[in-house]
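What you are looking at is a predicted structure, and each value in this text was computed from that prediction instead of being measured. Residue numbering restarts at 1 for every chain, and letters A, B, ... go by the order of the sequence lines.
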Protein chains: 2
Amino acid sequence: MARPPAPRGTRAATLTDVARLAGVSVATASKALNGRNHVSAVTRERVMEAAAQLSFSPNSLARGLLAGRTGTVGLLTSDLVGRFSLPILMGAEDAFGAGEMSVFLCDARGDAIRERHHVQALLSRRVDGLIVVGSSTDPRPPLAAAVDVPVVYAYAPSEHPEDLSIVPDNVGAGRMAVEHLIACGRTRIAHISGDRGYSAARDRVTGALAALEDAGLALVGDVAYGTWEEGWGRAAASMLLDREPEVDAILCGSDQVARGVLDTLRERGRRVPEDVAVMGFDDWQVMTTGARPQLTSVDMNLEELGRTAARALFEAIDAEHGRGVRTVQCRVVVRGSTAPEA
Amino acid sequence: MARPPAPRGTRAATLTDVARLAGVSVATASKALNGRNHVSAVTRERVMEAAAQLSFSPNSLARGLLAGRTGTVGLLTSDLVGRFSLPILMGAEDAFGAGEMSVFLCDARGDAIRERHHVQALLSRRVDGLIVVGSSTDPRPPLAAAVDVPVVYAYAPSEHPEDLSIVPDNVGAGRMAVEHLIACGRTRIAHISGDRGYSAARDRVTGALAALEDAGLALVGDVAYGTWEEGWGRAAASMLLDREPEVDAILCGSDQVARGVLDTLRERGRRVPEDVAVMGFDDWQVMTTGARPQLTSVDMNLEELGRTAARALFEAIDAEHGRGVRTVQCRVVVRGSTAPEA
DNA sequence: CGGCGTTCCGAAAAGGTTTTCGGAGGCTTT
DNA sequence: AAAGCCTCCGAAAACCTTTTCGGAACGCCG
C-alpha cells in the first residue's frame, strides 16, 4: 500500500515556506490562498501549486489569534453515559461540522467542580460559544463562572430565565401520545409513568391528562409513578390488570417500562394490540424494534434538538443572543403495539 | 441570584493588562504566573492578585502557537450512534481530562470523504495527536492524509501493521465465557452467535471452541450465525431446542440475542438458569439488568480501552510511538442467568 | 513627455504569550 | 575602594497569519 510518509519532527509547512517556494511575499501568498483579489491569476496559480506541493495547511491558532475568533465551541455534558446526551451531541456536531466549526467535548460527570474546571479550560481556549447539555429535563443552575461568550442550554434548561434554553416539549409529547391512542379507538387508557422526581414524567402526565379531558375521557386508575425500568413496568402492569381489568391502552413512561408491560400482558394472555394497546416514550430503537410486537413510541427528536441548539448558538455568536426557553416538538412513531401491521 | 456579569464585547484581559495593573513588565508577569523563579515573592503576589482581579485566563492560542504544542487531541469516530463508540470516548475523555488536554470530537458517519475533511481540520488546528475509533472490530484502512502527529486506532485496528491499534480481546472473551459456563457445571453448551460478517463474532467463536476443546468438550450443534438482534435470538433458540433438546447452556453473540433466547426459553417452559444457563456479550446494562433473570454477560471494558488508547497517545506524543496491535482484556459479569442468586 | 489611473506586490503591524539575555542594583570579599 | 557575585526585572525576539497601506510598474490620455 502506498501510504504517504509521516515525517515526524519535520514541522509543518508555514506560509513563509509557501511564499518562498512560489517566489512571492507572504502577504501575496496569503491573499492568493484566501481568494482575495489584487493578485494576478498566474501568481495565484503559482502559490496554489507551491501550497499543494508542501501540503500546506494554515495554522488555525495564528489565524484565531488574529481574528479574535477561533471557530471552536465547547460542548459540555453533565452525563455522557446517559442515553439522551448522545443524540443531542450528534445533532450539534452535525450542525457545526457543516459550518466549519470544531467541537470541544467535555464531560463533567455530574460534578460541579469538574464542570467549572472544564469551563475555565474552554474559555482559555477561547471558544466562540458553549452548549451545556443536561442529563434530565429538570432545570439546572447556570454556569458558575463569568462567561463572556454565548451559552445555550440544551435538554436541561437553565434556572435563570434570561438564559437561552432548548428543551423537548414533554407536555406536547404526553398530549400527542394520548391523541394517538384515542385515534386508534381506545377509550380506557391507563398511564404507567416513570420516576415522579423528574419533570419529564410530570410534564407528560400534564399533557396526557389535558388530551383526555379534551376528548371527554378520564384516565383509567391513577397515574402510576415508579422508576424508568423494566421491572417497574412488569409490576405496575400486574397491579393495573388486577384493579382495572377493562383497560384497553397503556401509555408508559419509557420504552423500558413498556417492555416490562408487554411481558406482563403476554403472560396474562392479553393480546397486543388487539386487547390492549401499548405505547412507550423515547423511541429507543433497540427497545422498540426488538419488542413483540414492535413498540409504538414518542421520539423526542433529540438530534434535532442538538441541531437547534447549535444553530441558536451560531446566531448568538454573530448576531443577537436569544433569551428564554424554546421547545422542540416530539413525534409519535407508530409500530405494531398500537396499530396492527397493514 | 448573584450571577456575575457577562460583559459581551469587552475583550478578555490579556497579560499586558495584568502586567500594567501590577506595575511590572509582561515578562515578569508571565514568570510570576507560571511559577518560574527569578521573581521575588512580593512581586509574584502582586501579579497574582492583579490576575485574579481581572479574572485573567491565558490565551491558549498564543501559548500553543509559541510552544508548538496545543494540548489538544482529535477524537475521530466513524459511527457515534453505535453503542460501542460512547464508552471508548468516555474513557479517552477521562484520561485526557486528567492530563489537561482538550478533546476535539468529530464524527465521520462512516463516510471517507467526511473523515478526510475532519482530519484536515484537525491538523489545521494543530492537534498533538489523533485517536481513531472504529465502529466494528474489523480492520479499517489507515487515515488517508499524510499525518505528522501520532495516531492511535481504537476498537477497529488499522490495516497497516505498523500503526498502533488498541482492540478488545474477543478471542479471550469467547474463551472466558465458555470457561465460566463450564465452571457453572455445564457440559452441553451451544452457541448462538451474531453476524458472521463481523470478526468479533468469529473471534469469539474461536476462543469458545478452544476453551471447549481444552475441557474435552464439544459444542452442541453448530455455531448459529445470524444477526445481533433479539428476533434472531428467539428464532435461533427455537430451532436449537427442537434439534438439541438436551442443551444446558447457551452462549449468545450479544445481549440482545440473549434477550430473545430468554424469551423463547420461558415460552418453552425451560427454567433459567436451572435447566439452561444463558450468557450474553457486551454487558449492556439496560439489557442485562432488565432481563429475567438478570443476564450474565462479557464486558469488553471499553471505557478501559478508551483510557488505554489515550495513554498510548500520550506516550506517543512525548516519547516513542508504539507499534502493532494491543488487546484489552474482557471480563465476565456474573448475574442470575448462569448462577442462581445467593 | 508629464500626469493619472490601474494593477499587482511587499513591508510591516497586530494578535498574546514565553523565553532568552542583558542590565541594574545591592551585597560581599580582597 | 575595586572587583565579583547574586537577585530581580525588562526589552525583544519568536510563533504564524491577515490586513493595511504604500510603492512600483505599466498603459493611456492630454
Side-chain angles (χ1 to χ4, degrees), chain A residues 9-48 50-51 54-72 100 121 123-128 148, chain B residues 9-48 50-51 54-72 100 121 123-128 148:
Chain A
T10 51
R11 83 199 195 321
T14 138
L15 190 58
T16 310
D17 302 332
V18 174
R20 183 164 35 224
L21 182 58
V24 299
S25 73
V26 287
T28 304
S30 173
K31 281 180 285 194
L33 292 174
N34 291 301
R36 297 275 174 287
N37 32 13
H38 303 292
V39 178
S40 71
V42 42
T43 305
R44 184 185 305 275
E45 185 56 35
R46 225 173 46 241
V47 172
M48 304 274 266
L54 298 174
S55 66
F56 168 76
S57 115
N59 187 323
S60 294
L61 298 177
R63 187 179 278 182
L65 188 55
L66 195 54
R69 284 250 198 128
T70 56
T72 61
E100 310 290 287
L123 292 179
S124 160
R125 296 200 185 280
R126 298 296 188 268
V127 292
D128 295 334
D148 56 353
Chain B
T10 51
R11 85 199 193 319
T14 135
L15 189 58
T16 310
D17 301 332
V18 175
R20 184 165 32 224
L21 181 59
V24 299
S25 73
V26 287
T28 303
S30 173
K31 281 181 285 195
L33 292 174
N34 291 300
R36 296 275 174 289
N37 32 13
H38 302 293
V39 179
S40 72
V42 42
T43 305
R44 185 184 306 275
E45 185 57 34
R46 225 172 47 239
V47 172
M48 305 273 266
L54 298 174
S55 66
F56 168 75
S57 117
N59 187 322
S60 293
L61 297 177
R63 187 180 277 183
L65 187 57
L66 193 54
R69 282 247 198 132
T70 56
T72 61
E100 310 291 286
L123 292 179
S124 158
R125 296 200 185 279
R126 296 299 187 267
V127 293
D128 295 334
D148 57 352

Once side chain to side chain donor-acceptor pair (under 3.5 Å) is applied, do any residues pair with A:S25, and if so which ones, sequence neighbours excluded? A:T28
Rounded interatomic separation in angstrom, taking CZ from B:R36 and P from D:dC8: 16 Å
A:R20: partners by side chain to side chain donor-acceptor pair (under 3.5 Å), with sequence neighbours left out: A:D17
What closest approach, in Å, do B:D148 and B:L123 show between heavy atoms, and which atom pair accounts for it? OD1-CD2, 4.3 Å
For atom CZ of B:R126 and atom C1' of D:dT17, their distance in whole Å: 11 Å
Partner residues of A:S40 under the side chain to side chain donor-acceptor pair (under 3.5 Å) criterion, sequence neighbours left out: A:T43
Within the sub-3.5 Å range, which N or O atoms of nucleotides 26-28 of chain D have a protein N or O partner, and how far apart are they?
none

B:L65 CG to D:dC16 C1', straight-line distance once rounded to whole Å: 5 Å
B:S30 vs C:dT18: side-chain N/O to OP1/OP2 distance below 4.0 Å: yes
Those residues at least two apart in sequence (or on a different chain) that pass salt bridge (charged side-chain N to carboxylate O under 4.0 Å, His left out) with A:D128 are none
Let me know the distance between CZ of A:R69 and P of C:dG15, rounded to the nearest Å. 17 Å
In this structure, how many angstroms lie between the C1' atom of D:dC9 and the CZ atom of B:R20, rounded? 18 Å
Sorted by number, the residues of residues 56-64 of chain A with heavy-atom contact under 4.0 Å to DNA chain C: A:A62
Between B:N34 and B:R36, is there a donor-acceptor pair closer than 3.5 Å when you use the side chain of the first and the backbone of the second? no
Side chain to side chain donor-acceptor pair (under 3.5 Å) filter on A:R44, not counting sequence neighbours, yields none
Please report, rounded to the nearest Å, how far the C1' atom of D:dC16 is from the CG atom of A:D17. 11 Å
Given axes from five pairs at either end, by how many degrees does the helix from C:dC1-D:dG30 to C:dT30-D:dA1 bend, rounded to 10°? 70°
For A:N34 and D:dC16, give me the distance from atom CG to atom P, rounded to whole Å. 17 Å
Looking just at side-chain N and O atoms, do A:S57 and B:S124 make a donor-acceptor pair shorter than 3.5 Å? no
Using whole Å, what does the distance between atom P of nucleotide C:dT19 and atom CG of B:L33 come to? 13 Å
Which parts of nucleotides 5-12 of chain C does protein reach within less than 4.0 Å, heavy atoms only, written one letter per nucleotide 5' to 3' as B for base, S for sugar-phosphate only and - for none? ---BBBB-
Is there a side chain to side chain contact (heavy atoms under 4.5 Å, CB included) between A:V47 and A:V18? Walk through the geometry before answering. CA-CA 7 Å; A:V47 172; A:V18 174; 4.1 Å; yes
Under 3.5 Å: donor-acceptor pair, side chain of B:R125, backbone of A:S60: no
Sequence neighbours excluded, which residues qualify as side-chain contact (heavy atoms from CB on, under 4.5 Å) partners of B:L21? B:A50, B:Q53, B:L54
Partners passing side-chain contact (heavy atoms from CB on, under 4.5 Å) against B:N37 (at least two apart in sequence or in another chain): none
For residues A:F56 and A:L15, report the shortest heavy-atom separation together with the two atoms involved. CE1-N, 3.3 Å
What pairs of donor and acceptor atoms, side-chain ones from residues 62-70 of chain B against any protein atom, are under 3.5 angstrom apart with sequence neighbours left out?
| residue | atom | partner | partner atom | Å |
| --- | --- | --- | --- | --- |
| B:T70 | OG1 | B:T72 | N | 3.3 |
| B:T70 | OG1 | B:T72 | OG1 | 2.7 |
| B:T70 | OG1 | B:R126 | O | 2.7 |

